[in-house]
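These notes are about the structure you will find just below.
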Amino acid sequence: MINQIRADFYRQLHTVGMYLMLAVTIIYALWAVLTKSVGGVSVSVGSGIFTKIADQSWTVLFGLKAANMTATLLLYFFIGVFVIVFGYEFTQKVYKNTLISGISRLQFILAKYLVMLLDLLILFTTHFAMVLIGGLIKGRALGGDWTTVFETMGLSIVAATFFLSVVFSLGVFLLIATGSMTIATIVVVIFPLLIEVLNVIAQWKWLKYFDFFGVSQSIGVGAMKMSALSPYIATSFGFLIVMIGLSVLILRRKEL
Amino acid sequence: MSEPILTINQVSKHFGHFQALDHLSFTVQRGDIFGLIGENGAGKTTLMRLITGLSPMQTGSITLLGEKAGHYQRALSRIGAVIESPAAFEKLTVLQNLRLCAIQHGIDDQQVMTETIDFVGLQEKQRTQARHLSLGQRQRLGLALAILPRPDFLILDEPINGLDPSGIMEFRQLLKRLNEERQTTMLISSHILSELYQVSTRFGIIHHGRMIKQLSKTELDQANQSGLSITVDQAPLAAQVLDHNGYKPFDVLDDHRLLLRKGDVDAARVNQLLVTNGVLVQDISHQTGSLEQFYMQLLGQTEKQEANHD
């Protein structure tokens with residue numbers, strides 16, 4: 001499994017798309033923080049709040065919290081991670097070579113998921129680091145002590161990485177189940193919007209547990225108490241385990 | 001002493017109502033180049049996909065390098081395979097694809113990659129992206145990826161498909177070298193009989209998912225000799241007459257046809273002998289042996305047997 005992870009990172013080092021995503025992340029983060037542009041996708045946050053945030057006086061800490069909103073839009077860039085890590089392997093049928101190399105189906109999916117997780121971690125770290133640097137370049141006040149700034153940043157990075165990887169796990173399942181990269185990508189992209197629309201139409205209270213971006217934002221901005229977090233974390237882990245488990249099961253039973 | 005590398009035991013596989021493999025059994029011994037012959041749709045690729053775990057087992061058992069299919073722990077890491085078409089990352093170069101494969105197998109030795117590229121003759125293309133390779137070069141890259149980890153057993157599905165005549169000759173030499181220099185055991189499928197004949201040491205003929213004949217190269221050569229083809233009303237009686245008059249060896253192909261395996265026999269004399277002994281001769285002619293003829297004859301017999309069973 002370690003060898004598979006190493007192989008995937010080697011491939012990514014030679015993939016232009018990864019560098020493009022990194023460049024877009026840096027430019028987007030700097031642009032958002034320097035121009036105080038905020039936007040995002042969420043069930044729990046109304047669109048009016050974005051204007052409200054933009055109109056406020058920004059500190060470095062506030063910029064980091066606001067960046068949690070903008071981070072939800074990064075889904076549309078970071079879908080590239082999913083395409084490069086999983087998509088290429090399946091569309092170019094190279095998974096046959098990988099699976100014949102002796103790796104188990106579970107190891108294969110876990111290795112790929114971990115690579116995706118690490119990629120997202122690197123990209124979100126870059127995003128929030130750029131927001132921090134952008135705030136400092138602008139000469140804004142820190143808004144708290146350095147410990148608070150780094151805690152907020154750390155929590156935001158971990159939350160955004162984990163919850164986006166949960167959404168991508170749905171893409172992994174769909175890709176393996178349908179064999180279609182298009183279906184998997186479209187569903188991943190519309191998933192947050194779908195949750196939002198369903199929430200408006202059906203008003204199901206339990207739907208909030210599947211609003212992974214909303215949870216990520218709430219954690220990042222410090223709007224959610226740690227004591228209230230457990231059902232959200234449990235739902236996310238449950239969802240992740242089910243998606244990975246089903247993917248492994250299908251991969252074992254499917255004609256490849 | 002022979003050592004089984006691959007044992008296929010009563011393996012069946014169906015897709016809906018289509019029976020792709022039907023109680024197939026055979027063994028590949030260490031050092032063999034086992035040629036799997038069969039028409040398109042005979043079940044060759046399905047079998048290879050079962051062996052490599054790309055297709056789930058239904059009934060029967062497969063033992064690969066001492067491990068049972070479905071519970072392979074290490075066996076797969078000791079084989080190399082190119083199933084259907086060779087797969088590689090399109091935007092990576094030949095060298096990068098090999099490096100990736102080396103990392104997957106935990107190989108850090110640069111020398112192994114260089115040797116592999118040299119072996120398959122892709123030195124000049126090592127910095128070319130896979131998507132810019134010709135079909136023949138892609139086949140070579142597929143082979144390179146399969147042999148990089150120095151496998152004990154190599155599975156190649158229609159490896160010469162799409163190659164030009166010189167490419168076929170070179171590929172044949174590569175396979176022979178692999179077998180002779182690295183003692184790699186191989187299972188190769190093809191519907192091009194003459195090519196398999198050139199490289200294989202044993203043959204298995206698959207038809208409608210069943211193994212209808214297994215034979216060594218020597219046995220194939222014997223079965224494939226030229227001779228006098230005779231069509232009569234009663235083959236058993238004709239056989240008696242020929243045997244009694246010292247016309248040997250011969251094969252009774254079915255109820256009406258015999259093949260007298262003597263190239264220099266006088267057809268007129270044989271005709272006269274049969275007729276005078278009460279055998280009605282419908283046709284008599286000299287035939288030159290060919291693999292295709294042998295194969296078609298075998299298929300004809302099998303289909304006739306199948307029809308009789310029905």
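Quick caveat: nothing in here was measured; it's all calculated off a predicted structure.
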Are side-chain heavy atoms of K44(B) and E158(B) found at a separation under 4.5 Å? yes

d(T46(B) OG1, M48(B) CE) to nearest 0.5 Å is 11.0 Å

Cut-off 4.5 Å, heavy atoms of chain B, and the answer for T15(A) is neither

*Is there a side-chain contact between F90(A) and I176(A) (heavy atoms, below 4.5 Å)?*
yes

- Query: Do the side chain of N179(B) and the main chain of G31(B) share a donor and acceptor less than 3.5 angstrom apart?
  - Reply: yes

Applying a strict 4.5 Å limit to non-hydrogen atoms, the region of L100(B) in contact with chain A is both

If one checks every heavy atom of R105(A) against chain B at 4.5 Å, the contacting part turns out to be side chain

Ranking M57(B), E84(B), R99(B) by heavy-atom pairs under 4.5 Å to chain A gives rank one to R99(B)

Max heavy-atom pairs within cutoff under 4.5 Å with chain A, candidates A81(B), A88(B), A75(B), goes to A88(B)

ask   = CD of Q123(B): more than 12 outside heavy atoms within 6.0 angstrom?
value = yes

With chain B, the option among Q4(A), R11(A), H14(A) that has the most non-hydrogen atom pairs under 4.5 Å is R11(A)

